[in-house]
2 protein chains.
Amino acid sequence: MSTTASPAPGAGSRPGGRSARVRAAVHLAVRELVADDPGEPLTIPVLATRAGVHATTVYRRWGTVGELLADVATSRFSGDIVVPDTGSLRGDLERYASDLAKDLCDPDTLALVRATIGIGGEQGAAACRGERQQQLEAILERERARGGQPPTLERTTDAVLAPLYYRGVFTNDPLTPEWTRTLVAHLLPD
Amino acid sequence: MSTTASPAPGAGSRPGGRSARVRAAVHLAVRELVADDPGEPLTIPVLATRAGVHATTVYRRWGTVGELLADVATSRFSGDIVVPDTGSLRGDLERYASDLAKDLCDPDTLALVRATIGIGGEQGAAACRGERQQQLEAILERERARGGQPPTLERTTDAVLAPLYYRGVFTNDPLTPEWTRTLVAHLLPD
DNA sequence: CCAGTATCGCACTGATCACTGCGCTAGTAG
DNA sequence: CTACTAGCGCAGTGATCAGTGCGATACTGG
């Protein structure tokens with residue numbers, strides 16, 4: 001999956017071009033189909049038709065549904081959340097957790113996550129994590145720069161990231177702002 | 001999905017019968033195929049052939065791959081872990097977390113989880129959670145009976161269950177016994 | 001031992017899917 | 001404006017899949 005001759009996943013990213021338009025249409029079709037009916041096989045002819053694009057194009061640019069889903073997830077979960085800078089570690093984490101919770105509240109997003117890790121395996125799972133790890137690390141690093149002693153990245157992941165993803169993906173419980181605050185509160189003792 | 005006329009998911013569970021043998025073969029085939037090549041569509045004819053059973057049977061007993069996966073996951077994640085009774089809350093939780101971690105370490109199990117939530121959606125996710133919630137509640141209840149004041153189920157879920165599932169499903173990091181102990185240690189202050 | 005019933009295997013049909021040459025058109029460079 | 005290249009649409013093929021009557025077979029209670 002790494003050395004396969006994927007013709008041009010990033011070649012058509014020049015905005016305005018026909019490639020970019022097709023790419024956007026296909027991505028949108030994938031997200032709509034996954035959202036509309038999760039658990040459906042999500043075949044290439046179907047999504048290509050929905051995107052108003054010929055299946056040939058999808059076969060050539062992405063090859064398999066797994067790679068396409070990973071691509072969609074990557075572009076969906078990258079750059080969607082900006083690392084906050086509230087001046088304090090607690091503020092940053094609460095804000096970040098709140099943003100992430102808002103993101104993971106959307107049923108369509110959850111459906112995309114489930115489908116991606118279901119088909120893409122570890123590859124897809126990595127795409128769904130996006131840059132969360134680096135973003136958390138950035139928050140912790142900033143606290144260190146302030147002279148504070150933040151918890152480790154592993155601990156922060158366990159205490160904040162994991163519950164958010166677990167609750168979103170595995171349960172139906174809502175990701176309320178109050179709850180996300182308690183996550184941070186338990187991580188950071190007074 | 002609850003009132004649908006599923007002919008006999010539980011009718012053939014009498015041990016020794018032909019139904020039970022077919023059921024076992026199909027379940028095994030599903031687990032093998034999912035483990036062998038995660039992300040593959042997992043079609044009914046293929047798995048039926050692998051199970052040495054005709055596709056017709058699978059269509060009739062389960063209908064869709066989603067229901068079949070949910071069934072497999074349910075029987076896989078029910079009764080696999082016994083609630084420990086070490087005499088202390090900490091001991092119980094450490095033991096339980098360790099057992100669960102050992103379970104979620106198996107790549108085949110993880111592949112099954114991913115495939116199930118990918119196709120089965122929320123239904124499948126629930127099947128993968130199995131009886132974890134009740135088991136945790138039982139542990140906490142026992143502590144209450146001892147006169148202790150255990151944390152809430154929600155808090156315990158966030159602190160122990162969520163990290164285990166998150167790390168297993170979304171990352172490649174190993175679920176070491178030391179790590180699971182730290183989860184419990186952070187939940188229970190000295 | 002014998003009827004009754006549930007479950008499974010078999011042989012199909014229509015539909016869908018993955019995949020591939022070939023020509024065309026839209027962007028690009030000069 | 002013109003030549004070039006990359007990406008896309010088109011049509012078609014072989015293979016696979018979902019789903020369905022029908023008969024055969026294995027378990028059940030009497």
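In what follows, chains are A, B, ... by sequence order, proteins preceding strands, each numbered from 1. None of these values were measured; they are calculated from a predicted model.
Put simply, CG on B/L68 is 14 Å from P on D/dG19, counting in whole angstrom units. For the pair B/W62 CH2 and C/dC8 P, the interatomic distance rounds to 7 Å; values are reported in whole Å. Separating the CZ atom of A/R21 from the P atom of C/dT25 is a distance of 16 Å, rounded to the nearest angstrom.
In the region residues 42-59 of chain A, proximity to DNA chain C at under 4.0 angstrom, judged on heavy atoms, holds for A/T43, A/I44, A/P45, A/V46, A/T56, A/Y59.
Residues satisfying the ring-ring contact (aromatic ring centres under 6.0 Å, His included) criterion with A/Y166, sequence neighbours excluded, are A/F170, B/Y165. Annotation: side-chain contact (heavy atoms from CB on, under 4.5 Å) contacts of A/E154 (sequence neighbours excluded): A/T152, A/D158, B/R167, B/W179. Take B/A127 and apply the side-chain contact (heavy atoms from CB on, under 4.5 Å) test, not counting sequence neighbours, and it matches B/A73, B/T74. The salt bridge (Lys or Arg N to Asp or Glu O under 4.0 Å) check on B/D108 picks up nothing, with sequence neighbours excluded.
Legend: salt bridge (Lys or Arg N to Asp or Glu O under 4.0 Å) pairs involving residues 34-48 of chain A, not counting sequence neighbours, sorted by first then second residue: A/D36-A/R50.
Taking only distance into account, the side chain of B/R60 never meets the base of D/dG19 through a donor-acceptor pair shorter than 3.5 Å.
Residue A/R61 places at least one side-chain N or O closer than 4.0 Å to OP1 or OP2 of D/dC8.
Under the 3.5 Å distance criterion, with hydrogens and angles disregarded, no donor-acceptor pair is assigned to the side chains of B/R146 and B/S88.
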